[in-house]
2 protein chains.
Amino acid sequence: MLDAPNRDRNAERREATRREIVEAAWAIARESGLAELTLRDVAARVGMRAPSLYSHFASKNAIYDAMFGQAWSEYESSVLALEDALPEHPRAAAKQYGRHFFDFAVDDLPRHQLMNQRVIPGFEPSPESYAPAVRVLERAAANVRELGVTSEDDFAILIALIGGLINQHHANDPGGDRYAGLLDRAIDMWADAVGLPAEDPAPPSRKSAP
Amino acid sequence: MLDAPNRDRNAERREATRREIVEAAWAIARESGLAELTLRDVAARVGMRAPSLYSHFASKNAIYDAMFGQAWSEYESSVLALEDALPEHPRAAAKQYGRHFFDFAVDDLPRHQLMNQRVIPGFEPSPESYAPAVRVLERAAANVRELGVTSEDDFAILIALIGGLINQHHANDPGGDRYAGLLDRAIDMWADAVGLPAEDPAPPSRKSAP
DNA sequence: AGGCGCATCTAACATAGTTAGGAGAGTGCG
DNA sequence: CGCACTCTCCTAACTATGTTAGATGCGCCT
């Protein structure tokens with residue numbers, strides 16, 4: 001039996017190894033794409049053989065789940081940070097939100113792919129790993145409602161619009177910035193339709209942190 | 001050497017076999033999903049062994065290409081048929097277009113996946129198989145322009161909007177119809193923004209075939 | 001009849017994810 | 001100290017899948 005301090009130390013080491021594995025997997029995914037991600041390569045990068053990974057993860061899908069869970073978690077943090085820096089004007093805030101979603105998805109292709117779960121045949125994220133993403137959407141919905149948009153449907157349309165531009169960017173213009181340029185125009189269309197007021201020339205910054 | 005009639009007959013047989021293989025592949029994809037599509041299963045369904053498929057296709061990706069090429073081709077035909085039945089009112093026509101895109105993508109999940117090419121790691125469609133899809137987009141652009149939309153960007157935004165709703169449908173609401181219901185509202189938003197006139201109460205039908 | 005082309009076959013290979021079972025290090029108790 | 005337990009990692013191997021090599025046999029042309 002292990003006593004308490006040693007149990008803790010072992011748990012830490014385990015966690016560290018798990019993190020190392022997930023980091024290695026992301027490194028490979030970023031360098032060569034998710035399609036090139038093999039357990040043997042991941043294992044090699046952390047100085048192991050493939051079967052040893054099964055001491056830390058139940059399957060390859062469990063590794064995907066950890067990868068995506070980590071990304072969603074970081075995403076949630078970045079959204080929380082964004083909210084503190086959000087301008088006061090509703091339309092400006094909507095645009096900043098939109099640009100944030102877009103940049104996040106575009107800057108880091110493999111991380112975007114997690115939003116389109118069909119990229120990995122047979123993989124379904126676990127509710128736990130997906131939770132931060134759900135919270136982000138709920139927060140975004142709440143924030144958008146606070147801007148004066150009362151309809152869930154209008155919010156869903158905004159999300160669809162941004163998601164669609166992201167997809168088109170990846171399909172037609174990866175590397176370019178045509179669809180990033182369309183984002184402001186698209187959000188303006190949407191803002192007019194839902195009745196957000198026109199933007200001030202010089203928007204002041206808002207919300208000192210509590 | 002073969003004389004001309006026999007060469008033709010052989011070519012026909014070859015084409016028939018290719019079609020049979022592609023049909024079998026679609027059947028499996030529809031029943032079990034693209035992830036479950038294996039060459040051994042495809043071959044079994046047409047009464048062959050897997051390596052024999054290589055007499056007709058250079059690789060599994062070549063089979064995907066044929067599958068998607070066929071789907072794009074049928075899609076082009078359905079768009080041509082749609083255009084004859086398009087109502088005269090610009091906003092009504094835009095909605096009918098939008099609903100058509102949406103229904104096509106939603107009714108037949110595996111066929112939709114071809115639009116999101118990232119589903120099959122390592123697969124890129126050939127320009128030839130993809131040509132009908134390009135023509136459909138060009139026709140759609142021309143038709144939308146004819147409705148009075150002069151900006152490529154506004155057209156791109158419409159496409160993004162519809163594509164985004166389709167993606168959300170597949171991700172969040174497969175089987176339901178929430179996003180189908182949002183489509184009209186979304187297209188109305190877009191139509192107002194680009195200045196299409198309000199819809200007539202009773203739109204007459206248009207364009208007898210030439 | 002003889003020969004050529006071609007679709008199909010069997011056998012096998014390479015690469016994946018995964019499982020079985022054992023070796024060795026660390027830890028705690030007698 | 002020595003023994004036993006646990007845990008991580010290992011080697012070996014299995015299975016599934018795309019793919020290649022080479023043989024076989026059928027049909028058509030001369």
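Lettering follows sequence order; numbering is per chain, from 1. From a predicted model like this one, the values you see are computed outputs, not experimental measurements. Atoms considered below: every heavy atom in the structure, side chains included; atoms not considered: hydrogens, waters and symmetry mates.
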Looking only at side-chain N and O atoms, does [X] come under 4.0 Å of OP1 or OP2 in [N]?
| X | N | result |
| --- | --- | --- |
| H56(B) | dT8(C) | yes |
| R14(A) | dC7(D) | no |
| S55(A) | dC7(D) | no |

How many whole angstroms separate atom [atom1] of [X] from atom [atom2] of [N]?
| X | N | atom1 | atom2 | result |
| --- | --- | --- | --- | --- |
| R49(A) | dA13(D) | CZ | P | 15 Å |
| M48(B) | dT10(C) | CE | C1' | 16 Å |
| R13(A) | dT8(D) | CZ | P | 10 Å |
| F57(A) | dC9(D) | CZ | C1' | 16 Å |

- Message: Looking at every non-hydrogen atom in both residues, tell me the closest pair between A193(A) and R185(B) and how far apart they are.
- Response: O-NH2, 4.1 Å

- Nearest heavy-atom approach of I28(A) to R45(A) is CG1-NE, 3.5 Å

- Would you please classify the geometry between the Y130(B) ring and the W72(B) ring as parallel, tilted or perpendicular, with 30° and 60° separating the classes? perpendicular

- Letter per nucleotide, 5' to 3', of nucleotides 14-21 of chain C [B base touched, S only sugar-phosphate touched, - untouched; heavy atoms, 4.0 Å]: --BBBB--

- Using a strict 4.0 Å threshold on nitrogen-to-oxygen distance, state whether R91(B) and D192(B) make a salt bridge.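 Yes.
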
- Item | Residues R18(A) and E15(A) bridged, charged N to O under 4.0 Å | yes

- Query: Mind checking what makes ring pair (Phe, Tyr, Trp, His ring centres under 6.0 Å) contact with F57(B), not counting sequence neighbours?
  - Reply: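 Checked F57(B) against ring pair (Phe, Tyr, Trp, His ring centres under 6.0 Å); zero matches.
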
